[in-house]
Amino acid sequence: MIEKLWTKKDLISLSELTADELTLILDTAAEFKKVNRRRVKKVPALRGKTVVNFFVEPSTRTRVSFELAEQRLSADIINMTSSTSSLIKGETLLDTLKNIESLQVDIIVMRHAASGAHKLLSERLSCGIVNAGDGAHGHPTQALLDIFTMREKKGSLEGLNVAIVGDILHSRVARSDIIGLLKMGAKVTICGPATLLPREFRKLGVRVCDNLRNAIENADVINMLRIQRERQQASYFPSISEYASIYGINSETIKYVKPDALIMHPGPINRGVEVESHIADGPQSVILEQVTNGLAVRMGVLYLIAGCLGN
Ligand code: CP
């Protein structure tokens, strides 16, 4: 009766979910992780449902894992890109997706550069809308897979010390991670150059720190964020090499990391900037396990949403 606990047709932001709903997604994902280890990795849960994947911004991990999740759940799938859609002729996003919905599509998975695009669509469309990243606002399934990985590795999120380091200002992952982790009882520190560290985040209940050593020496988990050069309109630090030596996890700064701390990164990594290669590929890194867990989490999200859309 798992579906009875889930009543939402959309996944827009973790701020709309309770701790019980977050736990339900994590528990559902854990079941799908078992499915993904079977010889036959396919279940009929979304048979007869149609999912459209619409990625208006580039993606590797999120796009491929959503598509694979839909295939594993036996959905019918359409993949759309903005460059081959009539958006380039001037059609609005809302008109485009109303036309897609008219084809009796059940769920639209979308990534878009505009913060808030998914919220607007979810209020105007009756199909399910899943946020695969909206501007610098949110990336809920990335946060869910991050939290899933932390819970799997550390047992509990209650009281877990999580440091999120890097380009907090432009990071949708940081915003979603913070919201989800605080709801699940973790303690969050954000760290980076002062120019990339919005002080208003303090209001969310996180510790704000511009000294890497102070941020990471007691951390159980260190989530290193990508420097998002494509979203930076100004110089936020003097040079990449200076940033890497002060805020990267490297041969020097790893000395401050607890031996059992997890090193995470949502990808794509700027190797040698956020994390040196030998650490990204080393024993404390769970970066590729995050990707593996992303598939199970996205199967869980799609399964729960499809369950409340009706026939
Ligand atoms: N972490 C993440 O969203 O990666 P992609 O941009 O490759 O999907």
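Numbering starts at 1 and runs along the sequence shown. Indexing begins at 1, ligand by ligand and atom by atom, following the structure's order.
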What atoms of ligand 1 come closer than 4.0 angstrom to any heavy atom of [X]?
X: T62; result: 2 (C), 3 (O), 4 (O), 5 (P), 8 (O)
X: G267; result: 1 (N), 2 (C), 4 (O)
X: T60; result: 5 (P), 7 (O), 8 (O)

Exercise for review: Tell me yes or no: between the side chains of E276 and S251, is some donor less than 3.5 Å from an acceptor?
Suggested key: yes
Review point. Quick one: side-chain hydrogen bond (donor to acceptor under 3.5 Å, both in side chains) partners of S115, sequence neighbours excluded?
Key: none
Point to revise | For atom 1 (N) of ligand 1, the protein heavy atom that lies nearest, with its residue and separation | key: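 I find the closest protein heavy atom is P266 O, 2.8 Å.
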Check your understanding: Under 3.5 Å, is there a donor-acceptor pair between the side chain of N211 and the main chain of N214?
Key -> yes
Review point. Between the main-chain N or O of G272 and the side-chain N or O of E274, is there a donor-acceptor pair closer than 3.5 Å?
Key: no
Check your understanding: Taking C-beta and beyond as the side chain, do V130 and I107 meet within less than 4.5 Å on heavy atoms?
Key -> yes
Review point. Is any N or O atom of R63, backbone or side chain, closer than 3.5 Å to an N or O atom of ligand 1?
Key: no
Review point. Given E57, R111, Q290, R61, which has its nearest heavy atom closest to atom 6 (O) of ligand 1?
Key: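 Selected option, by shortest heavy-atom distance: R111.
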